[in-house]
Amino acid sequence: MRHQKLSYRMTPGDEVEDMYILLNEVKRQIPSVTAVSSGAIASDYQRLRVESVCSRLGLVSLAYLWKQDQSLLLQEMITNGINAITVKVAAMGLEPGKHLGKEIAFLDPYLHKLKESYGINVCGEGGEYETLTLDCPLFVNARIVLDEFQVVLHSADSIAPVGVLHPLAFHLEYKAGSASLSGSRETENSIQEKTGLVFEVQGECPQNSEAMCLPVAEVTDSVEVTDNRLNISRRKKDNTFSICCWLQETQKTSAGLLDDLRVVLKQIESKLVRYGFDWGHVLYIHLYISDMNEFAVANETYVKFITHEKCPCGVPSRSTIELPLLEVGLGKAYIEVLVANDQSKRVLHVQSISCWAPSCIGPYSQATLHKEVLQMAGQLGLDPPTMTLCNGGPTVELEQALQNSEAVAKCFNCSISTSAIYFVVYCSTYVASSERLKIQEKLDAFLKQMRVWHFEERSMSKVLDPIFLFVLASNLPKSALVEIKPILYVTDDSETVSEIVQDLSCMKAPLHWGFQHADWHESCFQKCVVHEKICAVILSITCEIAARICSESLDASQSKDCQTSQADGGMGRLSRFCIYLLNKIIVENNFSWEDVTNLRLYFPTSLSMPMVTLSAIFSSAFDELAVMNPRMKIDGDSIFNLVPVLGAGRSATMDDIITCELFAQKS
C-alpha cells in the first residue's frame with residue numbers, strides 16, 4: 001500500500017492497481033460485465049478506491065451495504081445462513097488465541113458487548129476483524145471445511161493484540177441434495193465447466209491503464225464571443241464569493257448549447273485564473289440550461305472542464321435546472337459558481353449505487369461543507385438502489401428527496417430538520433397548480449415530524465427556523481417534478497444549534513430614496529440569522545406589494561425618480577425598494593454588504609422585460625446606493641445575479657414579480 005491518503009490517485013505498485021489489473025482482465029474475458037459490487041459499509045477509504053478503479057474502467061460501483069446499520073446487517077447475515085469465521089483480529093477485547101476461527105454467529109453477543117464498552121464496529125468495518133466465508137446461500141453444491149490452520153501472532157500488544165489465522169488444509173463437503181453425492185457424470189462435467197471460468201491473472205499493469213486514468217485533455221478550442229454577448233458578475237468577498245456568466249443572445253450570434261456552455265465555462269475558468277484560483281476552489285455550481293433534453297450534451301461539455309484531477313480536495317456540488325433563458329434574450333447556458341479563497345472544504349462524493357442516497361456518478365458531489373455552511377446538491381426524488389424516480393406524483397418525489405437529503409446531512413452529523421438555514425424548492429412546470437400547495441404542505445409536515453423525532457431522541461430544545469424559496473422551472477433532470485436544495489449550518493459538537501434573532505434596535509439603517517419604515521414591510525420577507533455569523537433573507541414582491549410601493553406618495557425631491565420609474569414601468573421604483581429593504585435588514589442585523597456571499601434576483605418571464613434591461617435597472621439602483629453609502633464598495637462589478645424563471649416566491653404559489661435571495665456570512 002503506497003498511497004495512504006483518503007482520496008486515491010493512480011499509484012504504480014499500490015495494491016489498488018492489482019485490483020485494476022484483475023478487473024481489467026475480467027472485462028476482457030467477460031465483456032458483458034458492467035458493474036462491480038463491494039461490501040463497503042462505512043469505510044470511505046475502501047469505497048473511494050473501488051470507485052476510482054470503476055471510474056477508470058467504465059464500470060458502475062455497487063455498494064448496497066453502504067451506511068447500513070451494522071447491528072441489523074450482522075443479524076441479517078447470520079439469519080440468512082452466512083457462516084463466516086474470523087481470520088484476523090486487531091481490536092481491544094479480541095484475543096487471537098481465543099477468538100480466531102470463531103463463527104460470527106457465536107461472536108455476535110460478544111461483539112455487541114465490545115461495542116458498548118469500546119465503541120467497535122460490530123461488522124469489523126474499522127478493521128477490528130476480518131472473516132472467511134465457509135458457507136452461504138450462494139454456495140449451492142458444497143461448503144468449505146477447514147482441516148488444519150495455524151494462528152500467527154503479528155503483534156503481542158497488551159491492549160489490542162493482532163493475530164491472523166492461516167488455513168493449511170481444507171476440503172469441500174457436498175451438501176445434502178447435491179447431485180455430486182451420487183457421483184453423476186453430468187455433475188462432474190458441470191463442475192469442470194465452471195472451473196473453466198477461473199483464470200489466473202499475471203503480468204504488469206497494461207499500458208492502457210495509464211491512458212484511461214490520464215486527466216481529461218485541456219479544452220483549448222473556444223467559440224469566439226463578442227464582448228457585447230458576454231456578461232460576468234462577481235460578488236467580491238475576502239472569504240467566499242460568487243461569479244456568474246451568461247450570454248446575450250442575438251439572431252446573428254445564435255449557437256447551440258454545446259458552444260454556449262463551452263464559452264461560459266471557459267470565461268469562468270479564465271476569471272478564476274485571473275483572481276489566482278482554479279476549479280479546485282469552487283464549492284458549488286448552479287448550471288442553468290435552456291433545454292433539459294440536451295442534459296447529456298451539457299454533461300459531456302461540463303466534464304471536460306471540471307475533473308477530479310483539477311479538484312484534489314473534491315469536486316464541487318451542483319444543481320441543474322432548465323430555465324426560460326431564450327425568452328429573456330439569453331444564450332442557451334448560464335452558470336453561477338460559488339468560490340472559496342482556500343481549499344479547506346470537506347466534500348462528500350459517493351459514486352457507488354447503494355440504498356443510502358442517490359449516487360453522483362461524475363465530477364459533482366452530494367454536498368460541500370465550508371466554513372460551517374453545508375451546500376447540498378439538488379436532490380431529486382430518486383429511489384437510491386434503482387436510481388429511478390418514485391411513482392406517485394410530486395409529493396411522493398418530494399418526500400423521497402427529503403429522505404435523500406437527510407441521509408446526506410447525517411454524514412455531517414446534522415439534520416435538515418434542525419440545521420437548515422433555508423430550502424430552495426424547484427417545481428417543474430409540469431406540476432399542476434392545484435398540486436403546488438400540496439408540495440409546501442408536505443414539506444412543512446415532513447420537517448415538523450422529523451423535529452418531533454429529534455426532540456424525543458436527542459432532547460433538543462432549540463433548532464433553526466428555516467426559510468423557504470419556491471422556484472417554478474421549465475424542467476428538471478430526469479423530468480422530475482420536484483428538486484430540493486437545502487443549505488445547512490453545521491456546528492461543532494460542542495455548540496448548540498439555535499436561531500438567534502438579535503435585539504439590534506440601536507442599529508438603524510439610513511433611509512434612502514424617501515422610503516419610510518412601515519409595519520407592512522415585515523410581511524415582505526423572511527430571514528434566518530444564526531449566531532451573528534450568517535444572515536439569509538428571502539424578500540418577496542407580489543403584485544399587491546408592488547402596487548402599494550408604486551402608489552406611495554413621493555416628496556418633491558423624488559419627482560425625478562418617479563418620472564424615471566414611469567419610463568421603465570415602475571421597475572425602477574421596485575428595484576430601489578428591494579435594495580432599500582435588503583440594506584435595512586443587513587444593517588439592523590449587524591452585517592454589511594461586504595459580508596454578502598451571493599444575491600440572486602429571480603424574475604418571471606411574464607414581466608416581458610429583457611434581462612439586459614432589468615440588469616441595467618438594478619445596477620443603476622445599486623450605483624445610487626453606493627453614492628449614498630460611501631462604505632459600500634462596488635468597483636465596477638455587478639454584485640447580483642439575475643435569474644429568469646417561470647415563477648418564484650416564498651410560497652408555492654410562486655407569483656412574485658421579484659424575489660430576492662440573499663446570503664451573507666461573516667469571515
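Starting from 1, each residue takes its place in the sequence as its number.
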Taking atom [atom1] of [X] and atom [atom2] of [Y], what is their separation to the nearest 0.5 Å?
X	Y	atom1	atom2	value
S551	R573	OG	CZ	9.5 Å
I657	S606	CD1	OG	8.0 Å
M654	C427	CE	SG	4.0 Å
I586	L582	CD1	CG	6.0 Å
N391	Q400	CG	CD	11.5 Å
L539	L469	CG	CG	11.5 Å

Looking at [Y], is its backbone amide N or carbonyl O close enough to the side chain of [X] to form a donor-acceptor pair, meaning the two atoms are under 3.5 Å apart?
X	Y	value
Q366	V350	yes
T418	C414	no
S540	G649	no
E327	T605	no
Q440	A652	yes
D595	A664	no
E336	N598	no
S615	M611	no
K345	V282	yes
S575	G572	yes

Would you mind telling me which of [options] makes a side chain to side chain contact (heavy atoms under 4.5 Å, CB included) with [X]?
X	options	result
L265	I285, D260, T301	T301
Y602	V643, L472, N641	V643
T597	L283, L338, L662	L338

Checklist entry - Got a sec, which residues hit salt bridge (Lys or Arg N to Asp or Glu O under 4.0 Å) with E294, two or more places apart in sequence or on another chain? => result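 E294 satisfies salt bridge (Lys or Arg N to Asp or Glu O under 4.0 Å) with no residue once adjacent residues are dropped.
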Once ring-ring contact (aromatic ring centres under 6.0 Å, His included) is applied, do any residues pair with [X], and if so which ones, sequence neighbours excluded?
X	result
H281	F277
F525	none
Y284	H286
F446	none

Angle between ring planes, [X] versus [Y], binned at 30° and 60°: parallel, tilted or perpendicular?
X	Y	value
H531	Y489	tilted
F640	F622	parallel
F577	F515	perpendicular

Check ion pair K666-E532 (N to O, under 4.0 angstrom):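 Salt bridge: no.
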Answer yes or no: is there an ion pair linking K438 with E441, defined by an N-O contact shorter than 4.0 Å?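 Not counted as a salt bridge, because no side-chain N and carboxylate O are separated by less than 4.0 Å.
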Going by atom types only, do [X] and [Y] share a side-chain donor-acceptor pair under 3.5 Å?
X	Y	answer
Q526	Y422	no
S415	E406	yes
S317	T368	yes

- Check side chain to side chain contact (heavy atoms under 4.5 Å, CB included) between S474 and all other residues, then give those that pass, not counting sequence neighbours.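 Result, side chain to side chain contact (heavy atoms under 4.5 Å, CB included) vs S474: E322, P324, L646.
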Just wondering, do V408 and W356 contact through their side chains at under 4.5 Å, heavy atoms?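 W356 vs V408: side chains touch.
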When you look at W279 and Y302, which way does the ring-ring contact (aromatic ring centres under 6.0 Å, His included) test go after all the steps?
CA-CA 12 Å; W279 290 110; Y302 183 92; 7.7 Å; no
